[in-house]
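As structure tokens, the structure follows; a few thoughts come after it.
Order of the sequence lines sets the chain letters (A, B, ...), proteins ahead of strands, with each chain counted from 1. In what follows, every heavy atom counts, from backbone to side chain, and hydrogens, waters and symmetry copies are set aside. Keep in mind it's a predicted model, so treat the numbers as computed, not measured.
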Amino acid sequence: MAKKGVADYIRETQVWKSIFRHGPPTDARNRASVVAGNVFLHLHPIKLKRSGVQLGYTWCMGGLTFFIFLALTVTGLLLMFYYRPTAEYAYNDIIALKEHVPLGIMREIHRWGAHAMVITVWLHMFRVFMTGSYKPPREFNWGVGVVLLILTLLLSFTGYLLPWDQLAIWAIAVGSNMAKATPFMGHGGPGAALAQIGDFVMVSDKNDVRFQLLGGRFVGEPALLRFYILHCVFIPLVVGVLIAVHFWRVRKDGGISAPL
Amino acid sequence: MKEFINYMADPIRSFPLMTIMYILMMKYYRIIGTKKFAVGALAVLLPIVTWFCLDDNFRAIIMWPDNIPINIIIILIGWLTWYSLYRCAQNDERIERGECPIEATPENREKVWTWPNLVYTELMCMIGVVVFLVVWAIVFKAPLEEPANPTWAPNPAKAPWYFLGLQEMLVYFDPWMAGVVLPGIIVVGLMAIPYIDTNPKGNGYFTIKERPLAMWMFMYGWLVLWIYLIIVGTFLRGPNWTFYGPFEFWDFHKVVSEYNVNLSEFMWIKWLNMPMPQNIVVREILGIILTVIYVCVLPVLSAKSKWGQKIIANTGQIRYYIFIFLLLGMTSLPIKMVLRWLFSLKYIIALPEWELNL
Amino acid sequence: MAKKHEPGMAYDMNKLHKVFAFFSLVLLMSTVWVFLDDYIRPWKAVQIEAMKIEKQKIAEEIAAEEKVISKEKLEILEKQLKDANQNVSKRSKDLTELNGKLQVLLRDIKDETIVNGRLNGDVAALTFKWEGALSHGASYAPDLFKKLKKNKALFAISKDKMKTLKGKEKKIRRKISDIKSDVTKTEKEIASILGKRKLLQGAFDKKKITPIFAIRNAPFLDFLDPTVKIKQIVLPNITDDRYFQHVPKVDRCITCHTFIDQKGYEDQPNPHKTHPKLDLMVGATGKHPMKQFGCTSCHGGEGHRVTDFNSPAHTPASKEQAAEWAKKYNWHAPHKVPIVQFKQGMAEAGCVKCHEGVQYLPGATVLNEGRRNIEKFGCYACHKIEGWEHKRKPGPSLEKIASKVSKKFFKNWVWDPKAFNKHAKMPSFFNQMNNGKLEHQVKNIAEVNAITEFVYAQSEKYKPFMRYTGGNKARGKGLVKELGCMSCHGVADFPIESKKVDAFKGPFLTGIGSKIKSKDWMVSWLKKPSHYQEDTIMPSFRLSDREANDITAYLLSSKNEKFDKLNFEPMNEKARDEILVTYFSAFDTIEVAKKKLASMTSHERTMELGKRSVGKYGCYSCHSIKGFEGRAPIGPELTKVGSKPLTQFGFGHEYDVEHSRDGWITAHLQSPRRWDNGTDRPFKDLLRMPNFDMSEKDAKSITVALLGQVSDSVPLKGVKRLNKHEAVVAEGMKVAVKFNCIGCHQIDGMFGDLLNVYEDDVNEGPPRLVGQGHRVQADWFHYFLNNVYEIRPWLKVRMPSFNMTNEERNKLVALFQNKSEVNTFEEVHQVVAWERGEKRAAKKLFKQLDCVSCHAAEYTNDEPTAPNLKYARRRLRPSWIEKWLAAPDQILPGTTMPSFWMDGEAADPDILGGDAKKQIKALTKLLMEEGHNFYSPKHKKTRSK
Amino acid sequence: MSDESKKQLNRREFFSFITVGWVAFTSAVAGLCSLAFRFSYPNVTFDPEMDFIAGLPRDYEEGVDERWKNGFGVWMVKQEGKLVALSNICTHLGCVPNWLPAELKFKCPCHGSGYYMNGINFEGPAPRPLERYKITLTPTGKIKVDKTKIYRYEKGQWEHPDSFLSV
């Protein structure tokens, strides 16, 4: 092998070497440094138990959830090019995506991706339970996972309103009516009647949790804007942070679970 | 035949049926968790599903784009449940023989390189999921209905599919229970699992034998009370949230006889033949007493039982009471369902004056 | 688990690579698939097809143009061009020299331009500086001023120089063009001959599918500058209702309906067809240009959707079309779509939401017919429809019914009006598909008996003021035809004429002898209808006593013997009591109800049931009945029926009815009780909408009118706003429709049903009103409406005297005045100002044209066959007389009035210098001068007293 | 077959599969990225229209016609047998000059640039003449002005046949 190919030549350039600080990952040293030296890969350990690699054991659901989350972020950002969260434009913009925006299929990918993420989160949880992986030392991480599950559902739920069609507002109307029944905090819930001094009503349809959620007494334009902000900024940020915590703890709690 | 299936699909019948099937499944998981059984079940199920799909009404409901995730989840859960049982059965057999679970064999304990093993497989999973999403997006277009109209509600008005279990609960409970308390119990209960379940066994491998209580409870809540109710809410509830069999056309004018009576009305009028008391607490006294018994007395009593003593011995008092409280919360749903179907019972406690109905 | 792996490896890498390769390939394929899925759209194929069609059309046009181009002339011209070119080349030396001079000159001009520009700038700058300095009193201002002056002078010189240079340039250029003049001239001629062809050729080349075309429209590259693209019309003035907000409509229909606004594609199949009513709709010069009104504003549907054939909610007109579409385009019924398109032939429903406040729209044939039918069947009486509130009750008043018909007739009529008269407007309530059972019939009979007793008990006394003294049937028959009765009434003895007129305002005249119980009543009614019913629209024909008696004799001789023989079953008291108990027990127990019943006498019970039945069937909605004044109409409101959600229409068990709004309405109109089929409803809950025995055509036209009743609100900018004239006209038309003026008179080309009878000689029919507001003076018109007199002595048809209020008369006058957009009065000078010799000329003309041969009244003793000219002065407007004299045939085609000044030529070249205008004017003046100062002969009498 | 050659075969196989895999993967990812690229070019826009039909040539009289100035920003100038569509944007800093019929010039209010009727600048800071838009005849003989195509005097483009109409 005296002859040097172009590939070899490229590998010897300063540029290449400055980017990849290791040789081809075919031996132990390089395999270790490729994982440790890459910002994207280093959330993995360098080595892990064989069971942690097996699809039959992990079902890869956690990884897929994260990946779908990334895919949703990308498609979601692109959709923001064409979507305006106002009562005037929201519906027409969705029609635009359907009718004439090039590759408006982005919306389908986003919507089905959102459903897929709910499914993968559930199945991830199912697997974790079946393998008893929530047991010590991973109790806390299970708790983080439960919060992530709820946030995933909220992400999907807030996104459901954005097309601003009948399906959307009535699904949100049904959903938000439950908030109305929150004990003590919703005006239709038990105990709401107690929060009243004379004609000063502390929990009514214009100051209860549902009102806070919708920014009004009905699902209207303020709710659309609110849900849009929650959907695009607030919840994704929280989810992102919690995902980091979740991954960190997976590593710190001993990697992908396995029999003790 | 189709009429019989329609008839059986009504939650009144299908819910107990599901419960029985669930019990059978957990009891005979050793038989179910074999490849032979899987092949057999597939051989039986495939023609049945094909036959189901030949029906226009059935196809219409399952092919509705927003219902596709539920089809997917049904398939995945069916398969993964079997697969878990299969792994459990395998492990439990080994454990009975005194061997370690498969996951704990030295071979599987051996450490392997993340690069390329894990990274590569993850990449392929990602590619797979992208392909899946793209094809899904091409084949099924996202629904878009009429523009939002606050003055006219579509019939049925459904929440997103993952909340349809909760919406189904609304049939049996008031919104504050179905929409707030029960979901709250689910979330708290889920978070509490690691702290209640102190059984050290079954950590990191599939097994039922070594952690039967946890398995039986979780699987019931997950498969029957959550997934099954979502399926009912999606496929079997039509206009006016009326029950429609899988082969039934969603006729808007379908009328169902449904007249429910409160427990207090049963007590005062039917049993005691008395007028309803003016004092609302007195009126609902039976319901209140029963609820107090359910929430406060039952845990204490159960703690005295042999079963309770055993758990307390393992976990301690506090854990036990939290556990029993969550368990009661979970079982309140099937209890209320059965009461509704058997006695047309509306509310155990009916205090609309305080927006407090149970 | 015995597989051995490399240490530290979980998988066989070779296998993983294979799997990876497979996965990657699938990913690549799906990526390509996404692009193609996005790229392939049905409308692109349609546009390419359109291109081909257009290309072929242009090719045909080129061929046609080529035929027009004269080859010989072209050859000659080309030869000329050649010669001219040779001539030019002969003088090429001169040309070169001139061009050289021009170049030098251009250089100088450029040079001077620079100088000029600089000086210009300097002057401007210095001016500014100097003015500033001056106003601030700076000491250097005079210096600056000097400098400025100097620059200005220079600038003037430069300008002058420039002008000289430019002049020179012009001269040289003219010289050059002179040399070339023959060439340019011939070239221009050739170009003018070939110009059109060249343009067409260019257009033709654009329609070719070239590689460039393919690249421009290739997947992924089609963002650069595609030619195949979605075309849209944005309509800021017409909106889509998004409930929270209205948003401008966007119609993209023209993406596929490429030639909808272009002439010449009438024969193409859809979607390439031209709009069939291009001059009214879509066309750029019509009233509804596409750019302003779009498509879905009228047609409905989802105009912004172009994904496939289904997405705009195309709606097939028939089952056959639906099947065809399903086959061709994979069509399926629109689902969860806000607005579905109107079917073909129903698009006129779309007119309603913008054209408010008028009943009849010129051009909207089906809609007008539908609205006429709504009026005919009186739908508006039971169902509130906004905009129809002013209409009178369609049925006759029952307040004095006892004096008019017998109880027996009343009962039999109510039971089955069609048995008496197949043209009866009164619909059938009983013996229908949902109440034909014996148990229902017994109760229905009890109800009819009770209604009769109740209505008769409520009836006021009435005594005819005239006595019948016998008459001549044959004469009566003649009068019925001649007078114009048929503009409102069909007559059994004149079936052909009745059919032609299709009148509906009054009852069909058949079997009147079996209906009217008193001859005196009949003759009184004919003589003065308002004596019996004050607010009747039946006018008085100013009949003589003999005429009234003759007509009475004729009408009463018509009997329906079969109907006469019918006997109505008497009241079944048990059934009556049973019904009353169900009424009473609505909010009470049966026991209490029975007690209440027991406390009533038999008469009271009958009255109670009668009153309740009148309420139940809504008789009061169409007929005035004492005791029901001010009750709300019985039927549901139809103002917004076109937007009622489909789920709110009860289709019952009628599965063969098309599941659409129009399907339901049409089916309902034809058979309103059908929704009770297959149900078991109690007697009191049976559907009550009566059966009108409507033909499918009538039902469909009403459907169109009702479908237009939508809740969509069109912004003010988008709706048709009536201008001040149109608003008055619309208001006046309400009166004209109420009194059925339009039954006789054609108004500016519309209406005039009675004229159909006079097809052979329109002059025998009621006068056609063309520009009537311009024709007559407003004050005369108002007088005339109140004091009708004979104007046209030859007419047998008679203008009746209507029982109008003063307000109604005013509205009618205003209607015509505003329709013609003229002032209320046109000045008639008391003393006509004659020019010299004019009067004599006028008299000469009058004599020469022999006006009095027809307009004989008050001139000769002959029988006049034309209006009395003496009354023209107060009746007609001078400007109209002039217009009329100039061309009577143009105003009223087929009139007997001769055109003396055909095509502006003088009637007599010797009079007034043969100037037609002057002659007409003179004659008009004569008429004005000689006319009486009275509205009518009667007016003259009263005034002279 | 010797072990060595077997290994080589494997090696070749290995390389071919991994190459196919990575080539396909890379191109697919490139495809997906171009998906996002194409996504950002809308097919339909709601911008004001860039071309318009300006009636028949005979509708215009000699001189400057301002009827399209407000709607489309175009002066129609007919002079010496040529009809041109002149942009109303000053070439200096983009203000809108005024047409002064008395002085027969366009004068920009911002910095005083002046143009002759034919659009050529003669005073003020304007660096070059006003621009002409593409003007053509439709097959039906109407004038079509297309603002997407610009002709500039200083580039000699005013000789272009689409920059004027001979009338």
* Decide side-chain contact (heavy atoms from CB on, under 4.5 Å) for A/Leu167 and B/Asp66; before the verdict, give the C-alpha distance in whole Å, the side-chain angles of both, and the deciding distance to 0.1 Å. => CA-CA 10 Å; A/Leu167 198 64; B/Asp66 249 12; 3.8 Å; yes
* **Verdict with supporting geometry, B/Met215 and A/Phe129, side-chain contact (heavy atoms from CB on, under 4.5 Å)** => CA-CA 9 Å; B/Met215 279 295 192; A/Phe129 187 89; 4.1 Å; yes
* Are B/Asn108 and A/Tyr57 close enough, and set up right, to give a side-chain contact (heavy atoms from CB on, under 4.5 Å), and what steps lead you there? -> CA-CA 11 Å; B/Asn108 278 333; A/Tyr57 182 77; over 6 Å; no
* For side-chain contact (heavy atoms from CB on, under 4.5 Å), just list the numbers for A/His115 and B/Ile73, CA-CA rounded to whole Å, side-chain angles, deciding distance to a tenth of an Å, and then say yes or no. => CA-CA 10 Å; A/His115 289 332; B/Ile73 208 168; over 6 Å; no
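Heavy-atom contacts from other residues, nucleotides or ligands closer than 6.0 Å to CZ of A/Arg29 number 12 or fewer. Within 6.0 Å of CZ on A/Arg217 lie no more than 12 heavy atoms contributed by other residues, nucleotides or ligands. Dense packing is recorded around CZ of A/Phe247, with more than 12 heavy atoms of other residues, nucleotides or ligands lying under 6.0 Å away.
With respect to chain B, the highest number of heavy-atom pairs below 4.5 Å among A/Met125, A/Lys180, A/Met178 belongs to A/Met178. When B/Leu356, B/Val180, B/Val112, B/Leu351 are compared by the number of non-hydrogen pairs under 4.5 Å with chain A, B/Val112 comes out ahead. Chosen from B/Arg87, B/Glu145, B/Lys111, B/Met191, the residue pairing most often with chain A at heavy-atom distances under 4.5 Å is B/Glu145. Considering only heavy-atom pairs separated by less than 4.5 Å from chain B, the leading option among A/Asn177, A/Val174, A/Ile172, A/Ile119 is A/Ile119. For the set A/Gly220, A/Ala116, A/Gly188, A/Gly52, the count of heavy-atom pairs under 4.5 angstrom toward chain B peaks at A/Gly188. In terms of heavy-atom pairs under 4.5 Å with chain A, the best-connected choice from B/Trp152, B/Trp161, B/Trp226, B/Phe140 is B/Trp161. Most heavy-atom pairs under 4.5 Å with chain A, from the set B/Phe206, B/Trp115, B/Tyr83: that is B/Trp115. Put simply, of A/Asp165, A/Thr182, A/Leu194, the one with the most heavy-atom pairs under 4.5 Å next to chain B is A/Asp165. Of the listed residues (B/Cys88, B/Gly184, B/Gly128, B/Gly179), the one with the most heavy-atom contacts under 4.5 Å to chain A is B/Gly179. The most heavy-atom pairs under 4.5 Å with chain B, out of A/Lys135, A/Lys98, A/Glu139, come from A/Lys135. Among the candidates A/Pro183, A/Ser257, A/Ala87, A/Ala90, the residue making the largest number of heavy-atom pairs closer than 4.5 Å to chain B is A/Pro183. When each of B/Ile70, B/Thr81, B/Ile77 is scored by its heavy-atom pairs under 4.5 Å with chain A, the top score falls to B/Thr81.
Within the 4.5 angstrom heavy-atom criterion, no atom of A/Thr58 approaches chain B. In this structure, no portion of A/Ala168 lies under 4.5 Å from any heavy atom of chain B. Looking at B/Pro160, both its backbone and its side chain come within 4.5 Å of chain A, counting heavy atoms on both sides. Both the backbone and the side chain of B/Lys141 come within less than 4.5 Å of a heavy atom in chain A. Contacts between A/Leu41 and chain B at a heavy-atom distance below 4.5 Å involve the side chain alone, from C-beta outward. When heavy atoms are compared at a cutoff of 4.5 Å, B/Asn91 does not approach chain A at all. B/Met219 touches chain A through its side chain: at least one heavy atom from C-beta onward sits under 4.5 Å away, while N, CA, C and O do not. Proximity to chain A (any heavy atom under 4.5 Å) is shown, for B/Leu164, by neither the backbone nor the side chain. For B/Ala192, no part sits under 4.5 Å from any heavy atom of chain A, backbone or side chain. Using a 4.5 Å cut-off between heavy atoms, B/Asn199 contacts chain A through both its backbone and its side chain. Both the backbone and the side chain of A/Ile46 come within less than 4.5 Å of a heavy atom in chain B. Interface residue B/Val187: backbone and side-chain heavy atoms are both found under 4.5 Å from chain A. Only the side chain of A/Trp59 comes within less than 4.5 Å of a heavy atom of chain B; its backbone N, CA, C and O stay farther away. In this structure, chain A has heavy atoms under 4.5 Å from both the backbone and the side chain of B/Pro143. For B/Ile68, no part lies near chain A; criterion is any non-hydrogen pair under 4.5 Å. Contacts of B/Tyr162 with chain A are made by both backbone and side-chain atoms, with heavy-atom separations under 4.5 Å. For A/Ala32, the parts sitting under 4.5 Å from any heavy atom of chain B are the backbone and the side chain alike. The parts of A/Leu48 that come within reach of chain B are both its backbone and its side chain, each placing non-hydrogen atoms under 4.5 angstrom from that chain. Only the side chain of A/Trp142 comes within less than 4.5 Å of a heavy atom of chain B; its backbone N, CA, C and O stay farther away.
At least one side-chain heavy atom of A/Trp112 sits less than 4.5 Å from a side-chain heavy atom of B/Pro65. The shortest side-chain heavy-atom distance between A/Arg138 and B/Asn203 falls under the 4.5 Å cut-off. For the pair B/Leu144/A/Pro163, a side-chain contact is recorded, criterion being any heavy-atom separation below 4.5 Å from C-beta on. Residues B/Val119 and A/Val34 form no side-chain contact, since every pair of their non-hydrogen atoms from C-beta on lies 4.5 Å or further apart.
B/Thr207 contributes atom OG1, which lies 9.5 Å from atom CE of A/Met130 (distance to the nearest 0.5 angstrom). Rounding to the nearest 0.5 Å places CG of B/Asn117 at 11.5 Å from NE2 of A/His44. To the nearest 0.5 Å, the span separating CD on B/Glu103 from CD on A/Gln54 amounts to 8.0 Å.
Residues A/Tyr134 and B/Asp197 have side chains that bring a donor and an acceptor to within less than 3.5 angstrom of each other.
The minimum heavy-atom distance linking B/Pro154 with A/Gln166 is given by the pair CD-NE2, 3.7 Å. Between B/Ala137 and A/Ile109 the shortest heavy-atom distance is CB-CG1, 3.6 Å. Nearest heavy-atom pair across B/Ala148 and A/Ile169 is CB-CG2, 3.5 Å. Minimum heavy-atom separation, B/Pro150 to A/Trp170: O-CZ2, 3.8 Å.
Side-chain atoms of B/Glu355 never come within 3.5 Å of backbone atoms of A/Ala181 as a donor-acceptor pair (strictly under, hydrogens ignored). Put simply, the side chain of B/Trp136 never gets that close to the backbone of A/Glu108: no donor and acceptor are under 3.5 Å apart. Here the side chain of B/Thr114 pairs a donor or acceptor atom with the backbone of A/Pro45 at under 3.5 angstrom.
Aromatic rings from B/Trp222 and A/Phe126 are positioned such that their centres are separated by under 6.0 Å.
B/Tyr120 does not carry A/Arg31 over the face of its six-membered ring by the limits of under 6.0 Å from the centre and within 45° of the normal.
Applying a 4.5 Å heavy-atom cutoff, the residues of residues 61-68 of chain A that approach chain B are A/Leu64, A/Phe67, A/Ile68.
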